[in-house]
Amino acid sequence: AAHLRAVFNVANGATPDHTTGNSIRQILETLMHFEDPSLGTLDKYLDSGYGGKLNELAYLRMICNDQSHGGNKTYYF
């Protein structure tokens, strides 16, 4: 619930912080576990049919990786 709330707040104008990428990653991994746990990784999930329009977000993988592991602080929202 906390991850959903954090992403909701950013989507509605709050400033992203160092935890935003982790929240996005956690939400996507949770969806993956419900939709097809056999995929095993977020990359496979995004590349599958389940990824849908998420693959149109050019920086999604970078945000989920770098921002959830303390990478650079540039935000692409």
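Scored by the side chain to side chain contact (heavy atoms under 4.5 Å, CB included) test, S38 finds D36 as partners (sequence neighbours excluded). Judged as a side chain to side chain donor-acceptor pair (under 3.5 Å), and not counting sequence neighbours, N9 has no contacts.
Cluster annotation: F8 and V10 are assigned to distinct hydrophobic clusters (Ile/Leu/Val/Met/Phe/Trp/Tyr, side-chain heavy-atom contacts under 4.5 Å, transitive).
Contact of the N22 side chain with the H3 side chain is registered, since non-hydrogen atoms from C-beta on lie closer than 4.5 Å.
D17 and T19 are linked by a side-chain donor-acceptor pair at a separation below 3.5 angstrom, with hydrogens and angles left out of the test.
One distance of note links CG of L46 with CE of M32; it measures 9.5 Å at 0.5 Å rounding. The NE2 atom of H33 lies 10.5 Å from the OH atom of Y45; values are rounded to the nearest 0.5 Å.
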